[in-house]
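Step one of this worksheet: look at the structure below.
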Amino acid sequence: MSKSTRARSTRRAGRGSTATGTIETIIRPSQSTPVKVLLAVWRWRWELLVLASLAYVTIAHGEAITGYFQSNPLWLNALLIIVLCGWIVTDNPARRFVLNRIWCVITRHRLRACLVEMRTLNYSGNLPFIFGCLSTKTGQIVWLWMRPGLSMEDLDNKAETIASACWARSAVIARSKRNAAVVRIEINRRDPLSKTHITSPLLNDTSDMPEAAVADDAVMAFLTPDTTDSAPNESTARPPAKSGSADTTGETRTRTSKTKTTAATNDSQTVILGANGEDVSDYV
């Protein structure tokens, strides 16, 4: 009696049907070797420049530097090292330039890694080209050139992801007004308004004054208008009286002007007017 292979095939089919997985295919661009080398040199240009500078100094001036330190006494070498370390630690233009360049390089590499992980690629497998990274007072600004098939819509709702990848506080993504292929990403690492004391050239005369030095009477005198200067003079405001029946009219005008002046004087006791005539009694 022959053995049946139906159950065995059924078991094999059952095991195969349960393996349901997803396959992600990432297409890498087909580039020639010179193009790959140029892109690698452009991407690692600052690191290669630093290594080339160190190699040049070591090869060309290594013996001279070693002989100089050997000829000096020990205390002088220690003093030179302390001065050099203090110059590196203290705030100076050279230190700021080096730190800004370091953060620009870190931001570029982190942003490229973030674009790869977010799969911001076109159908040919090309990433947006990072052609510039500048330092600002709050962080860095990165400029992207979107390849064909990519646009700013591919970066919508990705600001928090980019900020997290670049170790920053926040990120702002904006498109160029002239060219849709140019995208500007602002990486904010510092908040200039977070300081407790903000220096301003407008407060040079009063920023260091204590609060008790400002007298309330002086503030009130500044806000209250001077009624003696603002009240019109009757001799200059009153037109010359005409003969005949015009005397009665002149007397009426004089009485009216006196009444208005008196009312304004009485109102100034209860209403405080500012320099522009605005009622500021509610703010005092």
Less than 3.5 Å apart, which donor and acceptor atoms pair up between the side chains of residues 70-80 and the rest of the protein, not counting sequence neighbours?
from, atom 1, to, atom 2, distance (Å)
Ser71, OG, Gly67, O, 3.2
Ser71, OG, Tyr68, O, 2.8
Asn72, ND2, Tyr68, O, 3.2
Asn77, ND2, Phe69, O, 2.9
Asn77, ND2, Pro73, O, 3.4

Extract all donor-acceptor atom pairs below 3.5 Å that involve side chains of residues 173-187 and protein atoms in other chains or at least two apart in sequence.
from, atom 1, to, atom 2, distance (Å)
Ser176, OG, Arg178, N, 3.4
Asn179, OD1, Ala181, N, 3.1

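- The salt bridge (charged side-chain N to carboxylate O under 4.0 Å, His left out) check on Arg96 picks up Asp91, with sequence neighbours excluded.
- Two residues are said to be in side-chain contact when any heavy atoms from C-beta on lie closer than 4.5 Å; Asn100 and Thr136 fail this criterion.
- A 4.5 Å side-chain heavy-atom check between Leu121 and Asn126 finds every atom pair outside the cut-off.
- Residues Leu134 and Cys104 are not in side-chain contact: their nearest non-hydrogen atoms beyond the backbone lie 4.5 Å or more apart.
- The side-chain contact (heavy atoms from CB on, under 4.5 Å) search around Val50 returns Leu54, not counting sequence neighbours.
- Rounding to the nearest 0.5 Å places CH2 of Trp103 at 11.5 Å from SG of Cys133.
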Show me the donor-acceptor pairs, under 3.5 Å and distance only, between side chains in residues 137-160 and residues at least two apart or in other chains.
from, atom 1, to, atom 2, distance (Å)
Gln140, OE1, Thr107, OG1, 3.2
Gln140, OE1, Arg189, NE, 2.7
Ser151, OG, Glu153, N, 3.4
Asp154, OD2, Ser151, N, 3.0

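- Other residues, nucleotides and ligands place more than 12 heavy atoms under 6.0 Å from the CZ atom of Phe131.
- Checked by atom type and distance alone, the side chain of Asn188 never pairs as donor or acceptor with a backbone atom of Ala168 at under 3.5 Å.
- Taking CD1 of Ile81 as the start and CG of Leu84 as the end, the distance is 8.0 Å to the nearest 0.5 Å.
- Contacts of His61 classified as side-chain hydrogen bond (donor to acceptor under 3.5 Å, both in side chains), with partners at least two apart in sequence or in another chain: none.
- A 4.5 Å side-chain heavy-atom check between Thr90 and Arg95 finds every atom pair outside the cut-off.
- Remark: Trp46 pairs with Leu49, Arg101, Val105, Arg108 by the side-chain contact (heavy atoms from CB on, under 4.5 Å) rule, at least two apart or across chains.
- The side-chain contact (heavy atoms from CB on, under 4.5 Å) test applied to Arg43 returns Leu39, His109, Arg112, not counting sequence neighbours.
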Quiz prompt | Residue pair Arg110, Ile162: steps toward the side chain to side chain contact (heavy atoms under 4.5 Å, CB included) verdict | solution = CA-CA 9 Å; Arg110 296 296 300 174; Ile162 293 175; over 6 Å; no
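- Counting Ile, Leu, Val, Met, Phe, Trp and Tyr side chains that sit under 4.5 Å apart, directly or through other members, Leu51 stands alone, with no cluster partners.
- In this structure Leu48 satisfies the side-chain contact (heavy atoms from CB on, under 4.5 Å) test together with Val41, Trp44, sequence neighbours excluded.
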